[in-house]
Each structure stands twice: as structure tokens, then as C-alpha cells.
There are 2 protein chains.
Amino acid sequence: MSSNKNNLTKILKISGLRNTPQRQAILDELNRTRDHRDVEEIYFSLKKKGIKVSRATVYRTLELFVNHYLIRRLDLGEGKYRYESRESDHHDHIVCLDCNKITEFMNNRIEELQEEVAQENGFFLKRHVHQLFGHCLNETCPNK
Amino acid sequence: MSSNKNNLTKILKISGLRNTPQRQAILDELNRTRDHRDVEEIYFSLKKKGIKVSRATVYRTLELFVNHYLIRRLDLGEGKYRYESRESDHHDHIVCLDCNKITEFMNNRIEELQEEVAQENGFFLKRHVHQLFGHCLNETCPNK
DNA sequence: AAATTCTTTGAGACTCATTCTCAACAACAT
DNA sequence: ATGTTGTTGAGAATGAGTCTCAAAGAATTT
């Protein structure tokens, strides 16, 4: 935590930026879990903890962190973004159409094929968006 | 054209819906090209052709057609949807980060692996979103 | 520790895509 | 042709995200 704080302060300083309680709290909040959170969830989590922060700051800070590769931004086709910690490795997502459960997956062969496809089409691949949507077989899922 | 009109009329009738000049025009407009168009583009194309239509109708009709598998809806991460004809086969997209050129691709092995991944994770796969983003090697692209 | 500098924040206005409301309109069956 | 009922248009409403600007507060300097 305290080493984390120093970390963030250092990273920001390189770009002439300052660390603040709000920035630290937002990063800690995302790193605390592997969840995929949207802005409202993050905003209210911080509020509940008594941290003084505005929505504008949450939006600005998340964008800042995405640009500095401190967190990842997800677009799961909901009309809004979700954010996740970068403490886990790269992965893509399967989403249940019934209960919205988000499961992470990683397939090396698919990753390789994406590179091949990009090359074949004359592209230098920078990133990808890959989501599977389906029905999960969970007992607790409303479709069962 | 006229067989097309009869077609759409029949399809809609099955669900107790009616064909209208607006609906026919929107479907024709999308089927006319392989392009990936957003609502404003479609709306203004129709306006330019002198077709009386409102944005609300364009939105409603596109959703109706997506639900009836007459067209496909694309989310290329732009904060708005694009729509394309279903006269082409299934494919995914590579988007150039510099010139926004959209290239279609289709890789059978990736499609198979998506099925495997879904199965491994206890999902019955319904659909997927798969986009690659990179830099294209086009002469006309602003990054060259 | 105080002064200085310059970044950051909060509140609310604003934008943009999309959805909703409802009265007027118009397909289609009979 | 007429009636029933689905459809449209105009604009209000919504929701996510961005912008503005004065006040607040990091970090540096004295």
C-alpha cells in the first residue's frame, strides 16, 4: 500500500503529474479485486468509504491510468466502459447473456492467429477486442 | 427491388408487422453496398434521396431488422453502432487506428477455437465480437 | 514554514447517441 | 371504402462521457 503510493507518485512524476488522494484511492480500489467495474460502481465504492471525489475526477483519472498502462479499459458492448486492474495477465472475456457473469479466458493459438490475420491483411496489430457471448451452465443462472 | 419488397413484406407479416416506405428504403439502402454505416449516414442518405423519414424511425427500424436477422449491428468501439447488410457472409473486422479503414476478415480456425473456448468454460456460444486494431500499410493512410 | 507555481479538483453545463412519448398517420384485412 | 391497429415524426428525456473555470492543493523554492 505505502510502496504502492510511492510507486504511483513516481510514475506520475515522470510525466510531470501529481499524485493525489483521489488518484491513489481509484488505483487501490481497482487493484483490490479482479472485478470489471464501471464508473458508477467505482464512484460509489469510493463515496461509501468516505473518500471525497467527483465523477469528473473518476472519469479523468481512469483515462489517465489507461493511457499510462496502469489499468485496462473493457468495452463489453454495454454502452459504457468497464475497467480492471493490470495485476492479472492479458485475457479476453466470455459473457453470459442470461446472468451477465463475466469469465476470463486466454488462448495462445487465437492470439497467434490474430497476428497472422493482421499480417495477411497488411496491418501492424496493436490491440484487439475479443468477446464471446453465450449461455452459461451455472446452477444459479436464471436460464436454468 | 420489387421481389425484395415482397420479401420484406412477407417477413414482417409473419410477426404481425407492416412494411412501409421507410422500412423498405432503409433495408435497400443497407443492401445497396457492403459498407458499415452509422445512423447519421443512413439518415442523411435517405434524406438526400428525398425519402421522408425521421431519425427515430431509422433507430427503430435498424433495431427491428437486427432482431429479425435482416442486417448486422457492429460495435467498433466508437461509442455508436454501425450496421451492415446480411448479403455478405459472416466475418469480423480489422480497423486502422490511423485512417479508420475497416477491412473484413474470416478465419475458420479462430471460429473453431472460439467454440472450444466456450465449451471449456461451460458456455453455449451464441455470438462473438472480434475486432483487431492496428496500423494499415496503405499509401493513402495518414501515418505513412 | 511560507510563498510560489502549476496541476488537480468539483460542480454543473454541455455533447452525443439513443430511447421514449404520444398524437397524427397510414398499412392491410375485410 | 372502412376500421383496426401498427407506424411515424417531433421533440423531450436519458445516460455516458467531456468540458469549463474558479477554488483547492501538491510539490518546489526560498
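Chain A is the first sequence line, chain B the second, and so forth, proteins listed ahead of strands; every chain is numbered from 1.
- B:H93 and B:H130 have their aromatic ring centers separated by at least 6.0 angstrom.
- In this structure, CG on B:D92 lies 8.0 Å from CE on B:M106, to the nearest 0.5 angstrom.
- The interatomic distance linking B:I42 (CD1) with C:dT18 (P) rounds to 10 Å, in whole Å.
- Of the residues near DNA chain C, B:D38 and B:P21, the one whose nearest nucleotide (by heavy atom distance) lies more toward the 5' end is B:D38.
- Here C:dT18 presents its C1' atom at 16 Å from CZ of B:R82, a figure rounded to the nearest Å.
- We find that B:R34 and B:E87 are not joined by a salt bridge, their nearest charged nitrogen and carboxylate oxygen being 4.0 Å or further apart.
- A:R127 forms a cation-pi arrangement with B:F133, by the criterion of a distance under 6.0 Å to the ring centre and an angle within 45° of the ring axis.
- As a whole-Å value, the separation of B:R37 CZ from C:dA17 C1' is 18 Å.
- Taking OG from A:S15 and CG from A:N67, the interatomic distance works out to 10.0 Å, rounded to the nearest 0.5 Å.
- In this structure, CG of B:L62 is placed 10 Å from P of C:dT19, rounded to the nearest angstrom.
- Between A:K80 and A:E40 there is no salt bridge, since no side-chain nitrogen of the basic residue lies less than 4.0 Å from a carboxylate oxygen of the acidic one.
- Side chains of A:S88 and A:R72: a donor on one and an acceptor on the other come within 3.5 Å.
- Between B:I14 atom CD1 and D:dG6 atom C1' the separation is 17 Å, expressed in whole Å.
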Worksheet item: Would A:L17 and A:H68 satisfy side chain to side chain contact (heavy atoms under 4.5 Å, CB included), going step by step from the backbone distance to the final call?
Response: CA-CA 12 Å; A:L17 302 175; A:H68 280 72; 4.2 Å; yes

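- Here C:dT9 is the nucleotide among C:dT9, D:dT8, D:dG9 with the atom lying nearest to any side-chain atom of A:R23.
- Within the structure, a side-chain polar atom (N or O) of B:Q22 is placed less than 4.0 Å from OP1 or OP2 of D:dG9.
- Side chain to side chain, B:Y83 and B:R73 meet the donor-acceptor criterion of an N or O pair below 3.5 Å.
- One interatomic measurement links the two molecules: NZ of B:K10 to P of C:dA29, which rounds to 13 Å at whole-angstrom precision.
- Comparing the axis of the opening five pairs of the helix from C:dA1-D:dT30 to C:dT30-D:dA1 with that of the closing five pairs yields an angle of 30°, rounded to 10°.
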What nitrogen or oxygen pairs link the protein and nucleotides 27-30 of chain D at under 3.5 Å?
{"unit_1": "D:dT28", "atom_1": "OP1", "unit_2": "A:K13", "atom_2": "NZ", "d": "3.4"}

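- The phosphate of C:dT9 has neither OP1 nor OP2 within less than 4.0 Å of any side-chain N or O from A:S54.
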Practice prompt. Run the numbers on B:R60 and B:E63 for salt bridge (Lys or Arg N to Asp or Glu O under 4.0 Å), then give the verdict.
Written response: CA-CA 5 Å; B:R60 280 185 295 233; B:E63 180 172 12; over 6 Å; no

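- As rounded to whole Å, 10 Å separates atom P of C:dT9 from atom NZ of A:K52.
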Just the atom pairs and distances: protein N or O near nucleotides 15-18 of chain D's N or O, under 3.5 Å.
{"unit_1": "D:dG17", "atom_1": "OP1", "unit_2": "A:Y81", "atom_2": "N", "d": "2.8"}
{"unit_1": "D:dG17", "atom_1": "OP2", "unit_2": "A:Y59", "atom_2": "OH", "d": "3.2"}

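- Side chain to side chain, B:D28 and B:Q24 meet the donor-acceptor criterion of an N or O pair below 3.5 Å.
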